[in-house]
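Everything on this sheet refers to the single structure shown next.
What you are looking at is a predicted structure, and each value in this text was computed from that prediction instead of being measured. The sequence lines fix the lettering, A, B, ..., with proteins before strands; numbering per chain opens at 1.
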4 protein chains.
Amino acid sequence: MRLTELKGVIPPIATPFDEAGALDLDSLRKLTQHLIAGGVHGIFCLGSTGECAALTEEESLSVVETVVEETAGRVPVLAGITETSTKRAVRLGRMVVEAGVQAVVAAPPYYHMHSQQELLGYYRDLAAALPVPVIAYNVPVLVKTPLEPATVETLAREGSIFALKDSGGNSNVLREYIMRTKDIPGFTVLTGMEFLVDTALQMGAHGSVPGIGNVVPAEYVELYNLCCQGEYVRARELQERLIKLFNICYQGSARLSGSSSALSGFKSALRWLGVIKTAKMAPPMGSLNAEEEERVREILVELGFLKQAAQGKEE
Amino acid sequence: MRLTELKGVIPPIATPFDEAGALDLDSLRKLTQHLIAGGVHGIFCLGSTGECAALTEEESLSVVETVVEETAGRVPVLAGITETSTKRAVRLGRMVVEAGVQAVVAAPPYYHMHSQQELLGYYRDLAAALPVPVIAYNVPVLVKTPLEPATVETLAREGSIFALKDSGGNSNVLREYIMRTKDIPGFTVLTGMEFLVDTALQMGAHGSVPGIGNVVPAEYVELYNLCCQGEYVRARELQERLIKLFNICYQGSARLSGSSSALSGFKSALRWLGVIKTAKMAPPMGSLNAEEEERVREILVELGFLKQAAQGKEE
Amino acid sequence: MRLTELKGVIPPIATPFDEAGALDLDSLRKLTQHLIAGGVHGIFCLGSTGECAALTEEESLSVVETVVEETAGRVPVLAGITETSTKRAVRLGRMVVEAGVQAVVAAPPYYHMHSQQELLGYYRDLAAALPVPVIAYNVPVLVKTPLEPATVETLAREGSIFALKDSGGNSNVLREYIMRTKDIPGFTVLTGMEFLVDTALQMGAHGSVPGIGNVVPAEYVELYNLCCQGEYVRARELQERLIKLFNICYQGSARLSGSSSALSGFKSALRWLGVIKTAKMAPPMGSLNAEEEERVREILVELGFLKQAAQGKEE
Amino acid sequence: MRLTELKGVIPPIATPFDEAGALDLDSLRKLTQHLIAGGVHGIFCLGSTGECAALTEEESLSVVETVVEETAGRVPVLAGITETSTKRAVRLGRMVVEAGVQAVVAAPPYYHMHSQQELLGYYRDLAAALPVPVIAYNVPVLVKTPLEPATVETLAREGSIFALKDSGGNSNVLREYIMRTKDIPGFTVLTGMEFLVDTALQMGAHGSVPGIGNVVPAEYVELYNLCCQGEYVRARELQERLIKLFNICYQGSARLSGSSSALSGFKSALRWLGVIKTAKMAPPMGSLNAEEEERVREILVELGFLKQAAQGKEE
């Protein structure tokens, strides 16, 4: 399968662990099926939501191989190769391509700071070294260096990058990405801002990469479809319902960081929905405790995403 | 050699590359000798200045093994194990201990954000898993999460960490680290702020980890000695002379990031001094070009660190 | 005229000066007519665009009196009373009410920092002291302290504030303001983010306060109407055309701050359109020079907002 | 008295209010005497600590006139004219000069953003319009725009400014101010960072402007003298004791902003010391409550700044 355009809903798949902290590939298979059953247009492995940076190389490849196998060509599989140098990203990129992905996703290298000119060189080197399309990823809150709109436009026009995922959080900048690249055939812009999918699509974005789409893939697909049909009033209603679901992200915030509270919240919800087995994170990221997980359950019930009855928690 | 206290000048050794981008271990050996000849009290491998994040695992171990061997026990060798999860840091830590270092240095994991409570767990896990002292490293400009003074105090009092390196850039916070830990036997605080070594020592810091100490180790040792002797007027004069030397860091700033302009500036100076062979950085970090390197030479000459004559540059 | 609801397009009117730096009330009258002719739903005096902070008390009152008189009740007139303490804001508020405004607009006091609890007290004190509705204004880039959504909701529910203007630049926060207050009868949210009016209205905002609406009031009114009619595709096209017009804001950016380059750009455009006489700002804010003003003219011509012919510039 | 050089300890005098919120000029007189008795080298009215931005013009002038009168020429009196435009600053400057001050202190205008070039014009205009020396004040945390070292050097060399007060919080920048201006006859740099007075003086600063110097003027004078004598070990001990006193600043932090908690903490301490009558702040800044004030008392007693006995609180 050769990727020709990236559109729709492409969740960054979570990486389930068992209680002992080992990869839980069974849960990962079930989660893959959960996403495909929800109608997603692709699956993105080894993103921030997938705890990319916490995995060893062996674990990373296991994740990719499992998702590729379980997906069985029904939707494209992408893998993150966000790394800390060109050499390291190329090395990881070759491995995930070998493992079967249709495209790779790379944010700027994330330890040192980089100039925009250095980023131009970076993406050109990745494009030259890898046989699949490279998707650029703007996420300065994690990698510090932003991808400026002019940089993205240059890379897009020359074909070094195939699409952009933006999680920058600045809607003005998202708009500038879109306006600068809208005339480039096949180039697409996807948003990672889960609260603002309807407005991003109205602006001209082509899809979303929602972390919480792990929990509610079908709803994000419906949101995408409503926007494509110009049904913005109904889209807004659904978007607002999904925003309320984000309360599952804040239940551990007294002890944990924003990252671990949110990601463990996604996992907890998936556990209550019967998809994966634990809400465990890779240390040092902490995980929700029983009381916090109970609040996640209450939120799911209250918003109608889970029936009141005694589901989950009896493993 | 068992480390009992960390004091003095412990430069974060640069990692030299050849023109093709391969590790230049010969230059690394000469640089190690240059530092020891300068009178340094320790050598820190795999720090930010050493481009830790750009090296493959194999390269990292080569660097450590080479420095350990070349040092031959004359001063302690430390290695950075700043990583992106507990599992990854422990793995790297065990390797560098195997390679012979006397202590490891770890900043908070640097992709996701972490709470202070998560950091407590992190350093305790490292201390439990590794047979050498762990030195905490505060460098939020690179790893985003700061080490709060209360966190450092807790870890220091319980013995989970052995020392702190602070490159946070906030002198109030450095002062708080010092005041909170001054009564803990053997615990030391070192500064990574190269412009402020004299004031840090006056405040009660026990040493420095100066990147530019690669270039002028003897001068940083002299600065340390002057401060220990209470010679603050002469210390200030020397500190100001060393601040002027920092102009070598800004010569590539029109094209490069602050990181690569500074680090390539150090390497260029070392090349002019005849210690290493190139100013090359690991991509995507860029390197100074010939014109920019010439300006580095002029700065060295002007400040008296290099004789006018035709040194260097005859490769 | 008693204000019952705040909706539509309410530009923050610019404050014209003559070449000597005195208020140019003739130009202010013409600008008022220009806005009303464009179909605006209200006029907001003494906003950031109106250089509120640069005016003396006498100048501030002259501006308000002139706009009130020239408007002659056709649309509501609002005045900014953003100040640095309760006593000072109440004093200014009473003066502008005396001068005839229908509502006042107040951002948090802007020299010291304030807690949310202090802001609750602030808006309650303003509401108690002033006989007209108070509109809260979130603009942390200028006043530093943000108005948190929970604070806005509390003040809105108890009736201390009548509406919110948001220029915070974070669409997630704008969405939260809207979601928290949508069930409060009569309470409205207006956006000051001129690039994102279509998406703000789609989210449920009730109008805009566009600085560049001084130049193109009719276009912002059309944008508002298109959104009200659910014509989001056409709205996007118009919004994108208006975004391109923002190039008039960047022509002085090599010398001036972002503020003065933008505001003098608005004034220059109004001068080319024959509405006001100069592009002068109140010092120390600088003004566009002749060459920069010429580029403003070219942008207006290129985008079709000005005919090529020899308009303007013959003073 | 004509000011020839600015050195030593120049506290930014607090502005006392009575319970009803009116200026308490009696307390202001006692506070002036308290400072002079402590040996200060000058008094700075209408600074941030003096709640400059909360006062009406009449109140501002009352403060200045009272302090000038009570000081009776024993030390220089300075007044802040930090404002939001050139015209407003010149107007206030003329008034305070009329009221008898020997110099004025001006941070960059603080509502809009300003370029460095605009700031050059600003200080030149102030210097031209006012018959007393102008002291520049770097405090970006409050006024947003920093005074870059190159700007300060230019203004200092041409004589537009007479001294610099730095409250920027970045010791590297303070050092750069000092190094760039040390050869300019008579030009001095004072620090507003109360935790770092000893290190600032070691670096070459000429004095301090400590807010907490309202409470303990004699101790800041002693700190200054110790540093002048090169007694850095004893200076550090005293500095550390003064840092501990800063706990009086954090007692209201659960309800108040950092600003009001700190400033009301200073006032509360002065009340316990019998110097002024209340800890009241100008609204919307809140004031410490009885419980919080009791904790201030405990801190004063614990650190030996107040005797245990039933002092204070019997008004």
Side-chain angles (χ1 to χ4, degrees), chain C residues 21-22 48-49 51-57 59 80 82-92 107-126 139-145 252-263 281-287, chain D residues 21-22 48-49 51-57 59 80 82-92 107-126 139-145 252-263 281-287:
Chain C
S48 309
T49 301
E51 293 166 75
C52 54
L55 305 179
T56 62
E57 200 167 274
E59 289 171 335
T82 297
E83 259 290 357
T84 46
S85 75
T86 307
K87 195 184 277 187
R88 290 171 66 139
V90 167
R91 175 185 158 92
L92 180 59
Y110 62 95
Y111 185 78
H112 284 102
M113 314 301 279
H114 296 88
S115 68
Q116 296 298 305
Q117 198 159 333
E118 288 171 330
L119 294 184
L120 287 175
Y122 183 66
Y123 285 99
R124 286 166 183 162
D125 285 348
L126 294 188
V139 62
V141 71
L142 290 179
V143 306
K144 300 181 305 259
T145 309
S253 55
R255 300 180 304 117
L256 308 178
S257 68
S259 299
S260 46
S261 178
L263 300 185
M281 303 290 295
M285 284 208 276
S287 312
Chain D
S48 308
T49 300
E51 293 167 75
C52 55
L55 305 180
T56 62
E57 201 167 273
E59 289 170 335
T82 297
E83 258 291 355
T84 46
S85 75
T86 307
K87 195 185 280 187
R88 289 172 67 140
V90 168
R91 173 185 160 92
L92 180 58
Y110 61 95
Y111 185 79
H112 284 102
M113 314 302 279
H114 297 87
S115 68
Q116 296 299 305
Q117 199 160 334
E118 288 170 331
L119 294 184
L120 287 175
Y122 183 66
Y123 285 100
R124 287 165 183 163
D125 286 348
L126 294 188
V139 62
V141 71
L142 290 180
V143 306
K144 300 180 307 257
T145 309
S253 56
R255 301 178 304 117
L256 308 179
S257 68
S259 299
S260 45
S261 178
L263 300 185
M281 303 289 296
M285 284 208 276
S287 312

Does any heavy atom of chain C fall under 4.5 Å from the side chain of Glu57(D), the backbone, both, or neither of them?
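Looking at Glu57(D), nothing touches chain C.
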
Can you name the closest pair of heavy atoms from Leu142(D) and Tyr111(C) and give their distance?
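Heavy atoms of Leu142(D) and Tyr111(C) come nearest at CD2-O, 3.2 Å.
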
Angle class for the Tyr110(D)/Tyr110(C) ring planes (parallel below 30°, perpendicular above 60°, tilted otherwise)?
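Because their plane-to-plane angle lies in the 30° to 60° range, the rings of Tyr110(D) and Tyr110(C) count as tilted.
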
Among [options], which residue forms the greatest number of heavy-atom pairs with chain D at distances under 4.5 Å?
options	value
Gly121(C), Ala89(C), Ser85(C)	Ser85(C)
Glu51(C), Lys144(C), Gln116(C)	Lys144(C)
Ser115(C), Cys52(C), Gly21(C)	Ser115(C)
Lys87(C), Glu83(C), Arg88(C)	Arg88(C)
Ser259(C), Ser261(C), Gly286(C)	Ser259(C)

Does any non-hydrogen side-chain atom of Glu118(C) lie less than 4.5 Å from one of Ser257(D)?
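Yes - at least one pair of side-chain heavy atoms lies under 4.5 Å apart.
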
Examine distances only and state if a side-chain atom of His112(C) and a backbone atom of Ser48(D) form a donor-acceptor pair shorter than 3.5 Å.
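Flag set: sc His112(C) to bb Ser48(D) pair under 3.5 Å.
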
Residue part contacting chain D, namely of [X], when any heavy atom lies under 4.5 Å:
X	result
Pro283(C)	both
Leu263(C)	side chain
Ser253(C)	neither

What residue, out of Leu119(D), Thr86(D), Val141(D), Thr82(D), has the most heavy-atom pairs lying under 4.5 Å from chain C?
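If we count pairs closer than 4.5 Å to chain C, Thr86(D) comes out on top.
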
